[in-house]
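First comes the structure, then the notes that go with it.
Numbers restart at 1 for each chain; the letters A, B, ... are given by sequence-line order, proteins then strands.
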Amino acid sequence: MAGKKIAAPKGVSEYFPPRSAAFEFVRDCLINPAKNAGYQLIELPVFEDTELFTRGVGESTDVVSKEMYTFLDRGDRSITLRPEGTAGVMRAVIEHGLDRGQLPAKLWYSGQFFRAERPQAGRYRQFYQVGIEAIGLDDAAIDAEVIAIADAGFKAIGLTQYRLDITSLGDAQSRAAHRVDLLNFIAKMNLDEATSARAAINPLRLFDDKRPEISKAMEDAPLLMNYLSESSRQHFEQVKKYLDVLGISYVLNPRMVRGLDYYTGTTFEFVHELLGAQSGIGGGGRYDGLMAELGGQALSGIGFGLGVDRALLAAQAEGVISQESFVSDLFIIPLGERAKEKALQIASALRAGGKIVEISFGDRALKGSMKGADKSGARYVVVLGDSEITSGTVEVKEMKTGATSSVKIDSLISAL
RNA sequence: GUGGACGUAGCUCAGCUGGUAGAGCACCCGGUUGUGGUCCGGGAUGUCGCGGGUUCGAGCCCCGUCGUUCACCCCA
């Protein structure tokens with residue numbers, strides 16, 4: 001009869017009481033600024049045709065080449081659990097013509113994402129993200145607004161010990177010009193095999209290498225920032241100006257690298273100071289070629305993904321989440337069968353009126369039920385027995401003060 | 001995928017040079033009839049991650065495996 005215990009799959013993040021309340025709080029903090037800015041919900045599948053990611057995110061990226069959960073479904077279709085959100089949103093926008101109305105199309109989403117990496121502090125195989133996408137607008141003001149929305153979410157949580165890194169990856173011409181010089185520079189560097197292989201795929205990656213000898217050598221490497229075309233440069237100047245107007249401080253980081261191939265122009269990253277190696281709590285940027293790459297019209301886009309798990313970790317590291325226990329309005333303790341039935345009726349009436357009501361079932365000892373009421377943080381407690389039912393009156397006890405007062409059962413809702 | 005640390009009750013952990021398991025918190029019951037938070041008394045709980053080996057005997061030693069964790073790679 002004793003079955004073997006089944007554990008959760010490796011590396012997933014799970015939230016259960018009491019911490020789940022903090023998770024919910026953090027997630028809502030990150031979502032609300034998007035809603036307040038007029039973004040609308042898009043709810044998408046967690047699995048997609050594998051080709052969406054190989055084409056959209058880029059075959060050469062680590063995410064696609066070694067971190068995807070890919071499998072064949074029963075119809076022999078290659079399916080992949082989504083490793084990020086933007087590609088799926090673009091697919092849906094193109095498929096359902098969401099780009100046919102007034103632009104920009106402004107969408108937000110939240111949910112689980114999947115990457116088959118080795119788990120680590122703040123890095124899970126299933127993780128939660130909140131994201132937004134603004135599609136079809138080139139105005140630099142939207143870049144700043146998108147960044148501001150992310151920033152507002154982190155501020156709503158109460159985070160202060162983080163910084164915003166921004167840079168511009170420029171347009172195609174900017175990057176092509178820079179790439180030639182960068183490859184020449186790297187060719188003189190005498191790298192080990194694995195590293196030069198990475199450099200061949202995307203030379204920008206070397207800017208991100210944490211090994212001291214590499215990062216030292218890269219100090220003199222040519223920066224993409226100095227190769228920006230005139231239009232890219234102007235756009236970026238505008239973004240910075242709008243950020244200044246918004247009072248959002250940022251660090252210009254020309255060595256910043258993002259892991260997804262589709263980024264162009266403005267890119268940014270929020271980095272938390274107390275988090276250890278996986279310190280990115282959110283990031284995003286422009287992806288002006290993605291729509292066309294996926295078969296849609298050539299529209300630009302900008303968006304972000306924010307890590308709910310990491311934001312929660314950051315909030316705990318900063319100690320900004322108040323230990324707010326669950327609080328119900330009323331806790332009813334029925335004594336006896338008749339009282340149990342009455343309690344069910346009272347509770348459903350009060351709940352219909354929007355009150356949070358719990359009933360202590362199971363015929364526990366009164367003392368135990370009272371302890372349960374205490375633990376739940378209930379504001380009021382009512383003990384319901386035969387005498388209360390016949391009199392139609394209960395003693396309502398306020399848990400914080402211990403004071404009681406008589407209330408007609410029928411007028412409980414107004415008394416609470 | 002690579003490397004280090006760890007894996008004992010629900011949680012946090014103790015367990016000396018190998019001799020068949022403990023504390024605190026939490027939980028349950030009680031301290032005279034139906035009112036919590038303090039205090040006192042009592043109680044239940046573990047195949048010591050799993051599998052194998054060494055040994056008269058292993059939670060303590062060895063090997064493997066799974067998991068957790070930290071770092072690299074990479075990223076939210």
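Remark: B:U32 base-pairs with no nucleotide; criterion is Watson-Crick or G-U wobble with both hydrogen-bond distances under 3.5 Å. Look at B:U17: it lacks any Watson-Crick or wobble partner with both distances under 3.5 angstrom. B:A26 makes up no base pair with any nucleotide shown, lacking Watson-Crick or G-U wobble contacts both under 3.5 Å. For B:G59, there is no paired base (Watson-Crick or G-U wobble, both distances below 3.5 Å). B:C72 and B:G1 make up a base pair, with Watson-Crick or G-U wobble contacts both under 3.5 Å. Remark: B:G7 base-pairs with B:C66. Criterion, Watson-Crick or G-U wobble with two distances under 3.5 Å. B:A44 makes up no base pair with any nucleotide shown, lacking Watson-Crick or G-U wobble contacts both under 3.5 Å.
The side chain of A:Y124 sits closest to B:A76 out of B:A76, B:U35, B:U68. Comparing atom distances between the A:M370 side chain and each of B:U68, B:A71, B:U35 picks out B:U35 as nearest. For A:A277, taking side-chain heavy atoms from C-beta onward, the closest of the listed nucleotides B:C73, B:G67, B:C72 is B:C72. Here the nucleotide nearest the side chain of A:R118, chosen from B:U69, B:G67, B:C73, is B:U69.
For A:E388 against B:G34, a side-chain-to-base donor-acceptor contact under 3.5 Å is present. A donor N or O paired with an acceptor N or O is found under 3.5 Å between the base of B:G36 and the side-chain atoms of A:D374. Counting distance only, with no hydrogens placed and no angle test, the side-chain atoms of A:S369 and the base atoms of B:G36 include no donor-acceptor pair under 3.5 Å. For A:E117 against B:A76, a side-chain-to-base donor-acceptor contact under 3.5 Å is present. Judged by distance alone with a 3.5 Å cut-off, a donor-acceptor contact links the side chain of A:K397 to the base of B:G36. A donor N or O paired with an acceptor N or O is found under 3.5 Å between the base of B:C73 and the side-chain atoms of A:R123. At a cut-off of 3.5 angstrom, the base of B:G34 holds no donor-acceptor pair with the side chain of A:K367.
A:E84 comes within 4.0 angstrom of no nucleic acid atom, judged by non-hydrogen atoms across all strands. Within the 4.0 angstrom heavy-atom criterion, no nucleotide atom of any strand lies near A:A373. Across all strands shown, A:Y128 has no heavy atoms under 4.0 Å from either base or sugar-phosphate atoms. Residue contacts shown for A:R258 are limited to sugar-phosphate atoms, with no base heavy atom under 4.0 Å away. Residue contacts for A:L335: at a heavy-atom cut-off of 4.0 Å it reaches a base atom on one of the strands shown. Among the atoms of the strands shown, only primed sugar atoms or phosphate atoms (P, OP1, OP2) are found under 4.0 Å from some heavy atom of A:R364. When heavy atoms are screened at a 4.0 angstrom cut-off, A:G372 is found touching no nucleic acid atom at all. Across all strands shown, A:G131 has no heavy atoms under 4.0 Å from either base or sugar-phosphate atoms.
Here the P atom of nucleotide B:A76 and the CZ atom of A:R125 are 18 Å apart, to the nearest Å. Going from atom CD1 of A:I332 over to atom C1' of B:G34 covers 16 Å, rounded to whole Å. Nucleotide B:G34 holds its C1' atom 19 Å from the NZ atom of A:K342, rounded to whole Å. For A:K10 and B:G7, the NZ to P distance is 17 Å, given to the nearest whole Å. Going from atom CD1 of A:I157 over to atom P of B:A76 covers 17 Å, rounded to whole Å. The interatomic distance linking A:F16 (CZ) with B:G10 (P) rounds to 14 Å, in whole Å. In this structure, A:R115 places its CZ atom 13 Å from C1' of B:C73, rounding to the nearest Å. Atom-to-atom, CG of A:D62 to P of B:C72 comes out at 15 Å; the value is rounded to the nearest Å.
Under the side-chain hydrogen bond (donor to acceptor under 3.5 Å, both in side chains) test applied with A:T160, the options A:E318, A:K155, A:E273 reduce to a single match, A:E318. A side chain to side chain contact (heavy atoms under 4.5 Å, CB included) with A:L169 holds for exactly one of A:L224, A:T264, A:L228; it is A:L224. For the side-chain hydrogen bond (donor to acceptor under 3.5 Å, both in side chains) criterion with A:D143, the lone passing option out of A:H235, A:Q238, A:K240 is A:H235.
Residue-to-nucleotide proximity on RNA chain B shows that, of A:K371 and A:G282, the 5′-proximal contact is made by A:K371. Residues A:L260 and A:A8 each lie close to RNA chain B; by heavy-atom proximity, the contact nearer the 5' end of the strand is made by A:A8.
Separation of the P atoms belonging to B:U65 and B:G4 is 13 Å when rounded to the nearest angstrom. Going from the C1' atom of B:G36 to that of B:G67 covers 40 Å, rounded to whole Å. Spacing between B:C60 and B:G7 at atom C1', rounded to whole Å, works out to 14 Å. Spacing between B:U8 and B:C48 at atom C1', rounded to whole Å, works out to 4 Å. For B:C61 and B:U54, the C1' atoms lie 8 Å apart once the distance is rounded to whole Å. The same atom, P, is picked in B:C50 and in B:A9; the two are 10 Å apart, to the nearest Å. Rounded to whole Å, the P atom of B:A21 lies 12 Å from the corresponding atom of B:G46. Only the C1' atoms considered, B:G24 is 15 Å distant from B:G15, to the nearest whole Å.
The shortest side-chain heavy-atom distance between A:Y242 and A:E145 does not fall under the 4.5 Å cut-off.
Rounded to the nearest 0.5 angstrom, A:Y263 OH and A:L204 CG are separated by 14.5 Å. A distance of 9.5 Å separates CD1 of A:I147 from CG of A:L246, quoted to the nearest 0.5 Å.
Between A:D410 and A:K408 there is no salt bridge, since no side-chain nitrogen of the basic residue lies less than 4.0 Å from a carboxylate oxygen of the acidic one.
At a cut-off of 3.5 Å, with distance as the only test, no side-chain donor of A:E395 or A:S405 sits close to an acceptor on the other residue.
A ring-centre distance under 6.0 Å is found for A:F23 and A:Y128.
Residue A:K375 has no polar side-chain atom (N or O) positioned under 4.0 Å from OP1 or OP2 of B:A26. For the OP1/OP2 pair of B:C70 and a distance below 4.0 Å, the side-chain nitrogens and oxygens of A:Q120 include no atom meeting the criterion.
A:D329 places a side-chain N or O within donor-acceptor distance of the main-chain N or O of A:I356, the cut-off being under 3.5 Å.
By the 5.5 Å and 30° criteria, A:F127 is stacked with the base of B:A76.
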